[in-house]
> 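Dropping the structure in here first, questions after.
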Amino acid sequence: MKLLYFASVREGVGLSSEQRDVPEDMRTVGDLVAWLAGQSEEHASVLTQQSRLRFALDQNMVSVDAVLGNAQELAIFPPVTGG
Amino acid sequence: MKLLYFASVREGVGLSSEQRDVPEDMRTVGDLVAWLAGQSEEHASVLTQQSRLRFALDQNMVSVDAVLGNAQELAIFPPVTGG
Amino acid sequence: MRISAAPIQPAMELAPLAGLGGGALSSFTGIVRDDGGVAAIELEHYPGMTEACLSSLIEAATERWSLLGAIVTHRIGIVPVGAPVVVVGAASLHRAEALEATAFLIDRLKTDAPFWKREHYADGTAKWVEAKASDDARSNRWA
Amino acid sequence: MRISAAPIQPAMELAPLAGLGGGALSSFTGIVRDDGGVAAIELEHYPGMTEACLSSLIEAATERWSLLGAIVTHRIGIVPVGAPVVVVGAASLHRAEALEATAFLIDRLKTDAPFWKREHYADGTAKWVEAKASDDARSNRWA
């Protein structure tokens with residue numbers, strides 16, 4: 001699965017994107033983010049507090065309990081601040 | 001007293017302004033407009049239906065029952081349509 | 001506040017609001033509508049009262065919202081279809097104030113400022129525009 | 001809908017809305033605020049999703065109000081204090097629609113569009129801007 005990181009999340013993880021094979025038993029966005037947080041100290045530094053994060057699945061904003069299904073792309077970022 | 005007419009009222013009266021000595025017993029705007037309506041056929045043609053008119057006394061919008069007091073200038077016109 | 005017998009350019013009227021250090025600039029431009037054969041409108045006004053009225057609208061907006069500045073510019077005379085009749089604008093630190101003040105200024109101008117519009121048609125006839133009850137309703141929202 | 005890495009001029013972005021035959025053109029411009037030593041902001045975005053999101057905001061506005069047209073233009077990259085970050089505009093026959101659609105577009109853009117702002121200070125430091133709860137509240141008014 002393609003993972004994208006933006007703004008402070010990108011800086012914390014130290015990557016703007018990565019491709020990862022995701023375990024079969026990951027059902028929701030929250031499951032996947034919790035698993036990602038265990039992949040490195042850098043991931044943990046910004047992915048642990050899920051309530052401070054926002055998510056887009058295949059470029060649509062979703063909540064943390066959204067089902068991954070066949071999505072190809074998950075983006076993880078802080079609340080948006082455009083305009 | 002100086003009387004000013006605008007838009008369709010100006011066209012009906014046939015004057016944009018006139019100076020008139022006003023009888024002492026005119027108390028309100030409505031009294032004065034009723035008296036003016038009796039001054040000529042042209043005045044009558046547009047000043048009879050007071051509910052279709054709007055008024056400014058010394059350049060402040062007022063209602064038909066406003067007291068004339070020492071005002072120097074009365075403007076009579078249809079509802080405004082700027083913007 | 002400006003009353004102009006010459007064509008107005010919204011961007012030029014709004015330019016002074018852009019440099020006030022605020023984060024928000026809101027504006028409304030009223031344009032002569034191509035409405036059933038109208039070729040141009042003609043705007044009559046009440047000199048003296050018009051200026052006082054527009055100034056007091058800006059003052060009222062500035063008292064009601066925290067604004068860095070506000071402008072109202074209104075055409076008089078003959079204005080062809082497609083040309084601006086009025087430009088109102090407001091600048092503020094945050095957007096809510098500028099957006100609301102802009103709506104207030106144009107809504108109140110429509111019912112309070114002594115302007116009268118006559119439509120000139122392509123066939124040479126002309127007709128005074130009637131005031132709309134919906135304008136009174138919108139203006140009264142701010143009372 | 002346009003995302004621009006180069007400076008934007010509100011009047012040029014709004015020009016296409018002025019010629020649609022409507023009587024009302026409303027707009028909002030967001031400007032980089034001179035806020036406690038900020039020299040510039042830097043805007044990051046999510047390419048692809050940003051364009052889709054802004055297009056769907058315009059579509060939502062057009063379904064909700066009777067509009068002749070609407071535009072959203074947003075800067076990315078480094079934007080200095082005093083320069084426009086975003087311009088939204090709406091054109092309609094009558095003013096209520098353009099005014100409301102403009103407020104809707106900027107309120108929703110603030111909470112829905114994937115942009116992130118970093119403030120750069122005169123002393124060389126930088127800080128990510130925090131989202132505001134008041135933006136969520138304003139956006140939810142349109143739900």
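In what follows, chains are A, B, ... by sequence order, proteins preceding strands, each numbered from 1.
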> Take atom CZ in A:Arg27; do more than 12 heavy atoms of anything else shown fall under 6.0 Å from it?
no
> Check this for me: A:Gln19, atom CD, are more than 12 non-hydrogen atoms of other residues, nucleotides or ligands nearer than 6.0 Å?
yes
> Do the ring planes of D:Trp116 and A:Phe6 sit parallel (below 30°), tilted (30 to 60°) or perpendicular (above 60°)?
parallel
> Heavy-atom distances under 4.5 Å only: say whether A:Arg54 touches chain D with side chain, backbone, both or neither.
neither
> Can you tell which part of D:Ala52 gets under 4.5 Å to a heavy atom of chain A, answering side chain, backbone, both or neither?
neither
> In terms of heavy-atom proximity below 4.5 Å to chain A, should D:Arg118 be classed as side chain, backbone, both, or neither?
side chain
> Counting only non-hydrogen atoms closer than 4.5 Å, does D:Asp112 touch chain A with its backbone (N, CA, C, O), its side chain (CB onward), both, or neither?
backbone
> Would you indicate whether the side-chain heavy atoms of D:Val81 and D:Arg33 approach each other to under 4.5 Å?
no
